[in-house]
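Just so it is clear: chains get the letters A, B, ... in the order the sequence lines come, proteins before strands, and each one is counted from 1. Fair warning: this is a prediction, and the values are worked out from it, not measured in the lab.
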Protein chains: 2
Amino acid sequence: MEKDVCATSCVNRSRVERVINAFPEETLLYGATEIFKMLADPNRLRLLHALSQEEMCVCDLAALVEVSDSAVSHQLRLLRTARLVKCRRAGKMVYYRLDDQHVENLLQEGLRHAEEG
Amino acid sequence: MEKDVCATSCVNRSRVERVINAFPEETLLYGATEIFKMLADPNRLRLLHALSQEEMCVCDLAALVEVSDSAVSHQLRLLRTARLVKCRRAGKMVYYRLDDQHVENLLQEGLRHAEEG
DNA sequence: ACGATACATGAATAATTGTTCAGACGTTCA
DNA sequence: TGAACGTCTGAACAATTATTCATGTATCGT
């Protein structure tokens, strides 16, 4: 002799709905996810940390994190398409820098959080 | 007739050294990486966003992101070991909440950054 | 004590992400 | 123009991460 159609189980429907309604827009959410993905790798963090100090070319960056030029180039492409870094060509070289101040904030905030563990 | 021992290539040694010396400690860097990894998934972002508003039990959270209890439980374990969430048992249920304010800051900062893309 | 409910876990599989390797492109300099 | 250098790219392979499924543990109501 059940009272309601749905098996109510333990789920608090109204709570769930309330929280779902407060969700950020999908595009925002996926945007943030992509940014965090970019920050979720130690070498990319090193690259970004380096670039927060000075502009550098690809082979400097490769030397920095001790991987092949190719590997760095792949990583830089990811960072570029995620709009975390920008680049300019100067002769044979390509110099990278952070796209904006925001990136550095996130990076610092993450490191600060890690400090407290 | 080479001047120096190392093939200098294009690498700016002094620049690279300077930047390497400024690197954050390894433990910090890896700590930050782990945190960002946790944030690098849309469902985990949803979970954290929800928990930034109210404490919730596992089956609420599963309903929220529309995956199995088991899958959510696995994700919650990751968040727990990364110290992003805490939990308390109340009878049969286990209620989760954010571990501290910091997490919410990071989340908000990420969403804000995504807004500008 | 028993069955039912809420949650957790390990192992296998599926999906995603990173690296390497071979080669292409663009620029410089002879 | 062509050889050398710095960088980029695609495809194959390696490594990491997420989900499922089956089963385990804790608590409650009877």
Participant: Give Asp69(B) one of three labels, base, sugar-phosphate or nothing, depending on what nucleic acid heavy atoms sit under 4.0 Å from its own.
Facilitator: nothing

Participant: Using a cut-off of 4.0 Å on non-hydrogen atoms, how would the nucleic acid contact of Tyr96(A) be classed: base, sugar-phosphate, or nothing?
Facilitator: sugar-phosphate

Participant: Which class fits the ring pair Phe36(A) and Phe36(B): parallel under 30°, tilted 30 to 60°, perpendicular over 60°?
Facilitator: parallel

Participant: Should the side chain of His74(A) and the base of dT17(C) be counted as holding a donor-acceptor pair, with the cut-off at 3.5 Å?
Facilitator: no

Participant: For Arg83(B) and Asp100(B), indicate whether the former's side chain and the latter's backbone hold a donor-acceptor pair under 3.5 Å.
Facilitator: no

Participant: Check the distance between dA15(C)'s P and Lys37(A)'s NZ and give it to me in whole angstrom.
Facilitator: 15 Å

Participant: So, OP1 or OP2 of dT9(C): does either fall under 4.0 Å of a side-chain N or O from Arg77(B)?
Facilitator: yes

Participant: Which part of the nucleic acid, if any, lies within contact of Leu78(B), taking any heavy atom under 4.0 Å across all strands shown: a base, the sugar-phosphate backbone alone, or nothing?
Facilitator: sugar-phosphate

Participant: Using the C1' atoms of the five pairs at each end, what is the angle between the end axes of the helix from dA1(C)-dT30(D) to dA30(C)-dT1(D), to 10°?
Facilitator: 20°

Participant: What I want to find out is whether Glu115(A) reaches Arg112(A) closely enough, with some N-O distance under 4.0 Å, to be called a salt bridge.
Facilitator: no

Participant: Tell me which nucleotide among dC7(C), dT20(C), dT9(D) gets nearest to the side chain of Cys57(B).
Facilitator: dC7(C)

Participant: Whole angstroms only, please: what is the CG-P distance between Asp41(A) and dT19(C)?
Facilitator: 6 Å

Participant: Would you say Gln75(A) places a side-chain N or O within less than 4.0 Å of OP1 or OP2 belonging to dT19(C)?
Facilitator: yes

Participant: With no hydrogens and no angle check, is any side-chain donor or acceptor of Arg46(A) less than 3.5 Å from a backbone partner on Leu29(B)?
Facilitator: no

Participant: Give a yes or no on whether Tyr95(A) and Leu64(A) share a hydrophobic cluster (residues Ile, Leu, Val, Met, Phe, Trp, Tyr; joining criterion: side-chain heavy atoms under 4.5 Å apart).
Facilitator: no

Participant: How about Cys59(A) and Cys10(B): are their SG atoms under 2.5 Å apart?
Facilitator: yes

Participant: Return no unless some side-chain N or O of Lys92(B) is found under 4.0 Å from OP1 or OP2 of dC7(C).
Facilitator: no

Participant: Could you tell me whether the phosphate oxygens of dT20(C), OP1 or OP2, come under 4.0 Å of any side-chain nitrogen or oxygen in Ser70(A)?
Facilitator: no

Participant: Is any side-chain nitrogen or oxygen of Arg89(B) closer than 4.0 Å to OP1 or OP2 of dA6(C)?
Facilitator: no

Participant: Does any N or O in the side chain of Ser52(A) come within less than 3.5 Å of the main-chain N or O of His49(A), such that one atom is a donor and the other an acceptor?
Facilitator: yes

